[in-house]
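Let me begin by presenting the structure, written as structure tokens, before commenting on it.
We count residues from 1, following the sequence as given.
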Amino acid sequence: MSVRTQGNSAPEDRIGDLPDPVELAARRSGGRGAVDVRTLTRVLFERLAELPPGTPERARVRAALIEINIPLVRYAATRFRSRSEPMEDIVQVGTIGLINAIDRFDPTRGVQFPTYALPTILGEIKRYFRDNVRTMHVPRRLQELWVQVSGAMEELTVTHGRAPKVPEIAANLRIPEEDVRACLDAGRAYNAASLEAAQEHEGGLALLDRLGYEDSALTDVEHRDMVRHLLVQLPERERRIIMLRFFANLTQSQISTELGMSQMHVSRLLSRILTRLRTGNSWEE
């Protein structure tokens, strides 16, 4: 990804080649050696307003404004350093927001440029993550809340010297713990891992090798469903005999004692019941 400033500025047309604005800013700041960035930004915007669009001088002043305000972009980008995206890419996306802010800024409104530009830079970065990075859709509310949660996590980590717990984050932001958990899940939706990619911390096994297993009882699902359908058709006494014999693993002798009947009668009933179940016929007295 690359970001180019608009206009016809050449590589050598940088702030060091703008003696007039720099000298003017230095004089207005009292002749100090280090020119205040805010003062220089204000002076450059004054010069920009005086220059007609499309002129090389205007392009040079605009490029200087971009260059001296790059630290503001880097400051905004640090809010997203917990993401898996390279910081360089985030800074470049934020620079697009800086350029848009410079082109739209009106110095006559009495607002400091950093105050105006920071929301624009942050908005551009958030839009980039929302539209280009996530591998699954996440509601806009959670996307915006995730920025607050990630910031609170960083602050609490510094304060406590450890990773914060969900209740601590919720208390810090004064939001329900359920929202924090939802944000943490949403924050993991930026990158998809290949099922075939080897995992170093798992001895080189691919994720696919560690997901699920073949259930040996899966082939019996249909049989169990059919038996359940037939059992509900049995009278209560016969159904109880089947449950005691095959689910409680009682012997015929134990069943006869449980039901108060002879073992021979239990045996005849079992034989009759199983015959009906095997043929799938409904029970008839």
Side-chain angles (χ1 to χ4, degrees), residues 1-18 21-22 37-49 51-109 111-151 154 186-187 189-192:
M1 179 188 302
S2 61
V3 176
R4 296 180 179 274
T5 59
Q6 299 177 3
N8 300 321
S9 57
E12 63 273 11
D13 291 333
R14 301 170 64 85
I15 188 172
D17 299 314
L18 292 172
V22 173
V37 172
R38 288 178 180 265
T39 302
L40 181 54
T41 297
R42 176 170 52 81
V43 172
L44 289 174
F45 269 116
E46 291 175 359
R47 173 66 67 87
L48 193 69
L51 298 172
T55 62
E57 180 65 16
R58 182 182 177 87
R60 293 175 63 227
V61 173
R62 181 172 177 272
L65 277 168
I66 296 171
E67 182 175 346
I68 66 172
N69 283 282
I70 285 295
L72 183 62
V73 177
R74 296 191 181 279
Y75 167 76
T78 58
R79 299 192 180 186
F80 302 86
R81 59 175 174 265
S82 60
R83 310 290 179 85
S84 57
E85 285 294 289
M87 182 57 63
E88 180 181 354
D89 287 355
I90 300 176
V91 170
Q92 291 182 351
V93 171
T95 303
I96 296 176
L98 173 64
I99 294 172
N100 292 334
I102 290 174
D103 291 340
R104 300 167 186 168
F105 182 62
D106 183 0
T108 62
R109 294 187 176 182
V111 178
Q112 291 286 341
F113 177 70
T115 303
Y116 173 84
L118 189 58
T120 305
I121 296 169
L122 290 172
E124 193 68 35
I125 297 175
K126 292 177 184 177
R127 188 178 302 109
Y128 168 73
F129 278 102
R130 182 178 69 244
D131 299 338
N132 302 290
V133 178
R134 290 185 184 272
T135 56
M136 61 178 291
H137 174 72
V138 175
R140 174 76 63 85
R141 184 182 70 87
L142 288 182
Q143 294 179 29
E144 296 174 350
L145 190 57
W146 165 246
V147 177
Q148 301 179 39
V149 169
S150 59
E154 295 175 3
Y190 285 98
N191 294 293

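Across all their heavy atoms, Gly94 and Val73 have their closest contact at C-CG1, 3.6 Å. Of all heavy-atom pairs between Val91 and Ala77, the closest is CG2-CB, 3.9 Å. The minimum heavy-atom distance linking Ala76 with Ile121 is given by the pair CB-CG2, 3.8 Å.
Annotation: side-chain contact (heavy atoms from CB on, under 4.5 Å) contacts of Pro114 (sequence neighbours excluded): Arg38, Leu72, Gln112. Scanning for side-chain hydrogen bond (donor to acceptor under 3.5 Å, both in side chains) contacts around Thr115 gives an empty result, with sequence neighbours left out. Contacts of Tyr116 classified as ring pair (Phe, Tyr, Trp, His ring centres under 6.0 Å), with partners at least two apart in sequence or in another chain: Phe105. Applying the salt bridge (charged side-chain N to carboxylate O under 4.0 Å, His left out) criterion to Arg104, with sequence neighbours excluded, gives no partner residue.
Phe80 contributes atom CZ, which lies 6.0 Å from atom NZ of Lys126 (distance to the nearest 0.5 angstrom). The CG atom of Leu48 lies 11.0 Å from the CD atom of Glu46; values are rounded to the nearest 0.5 Å. Note that CD1 of Ile90 and CD of Glu124 are 13.0 Å apart. Values are rounded to the nearest 0.5 Å.
At least one side-chain heavy atom of Arg47 sits under 4.5 Å from a side-chain heavy atom of Glu57. Counting only heavy atoms from C-beta outward, the side chains of Asn100 and Ile96 approach each other to under 4.5 Å. When side chains are defined from C-beta on, Leu44 counts as touching Ile68, because their heavy atoms get closer than 4.5 Å. Looking at heavy atoms from C-beta onward, Leu65 lies out of side-chain contact with Phe113 at the 4.5 angstrom threshold.
Electrostatic pairing of Glu154 and Arg79 does not count as a salt bridge here, judged by no charged N lying under 4.0 Å from a carboxylate O.
Side-chain atoms of Arg58 come within 3.5 Å of backbone N or O of Leu51 as a donor-acceptor pair.
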| field | Test side-chain contact (heavy atoms from CB on, under 4.5 Å) applied to Asp89 and Val93, step by step | value | CA-CA 6 Å; Asp89 287 355; Val93 171; 5.5 Å; no
| task | Could you please spell out the steps behind the side-chain contact (heavy atoms from CB on, under 4.5 Å) verdict for Val61 and Phe45? | result | CA-CA 8 Å; Val61 173; Phe45 269 116; over 6 Å; no
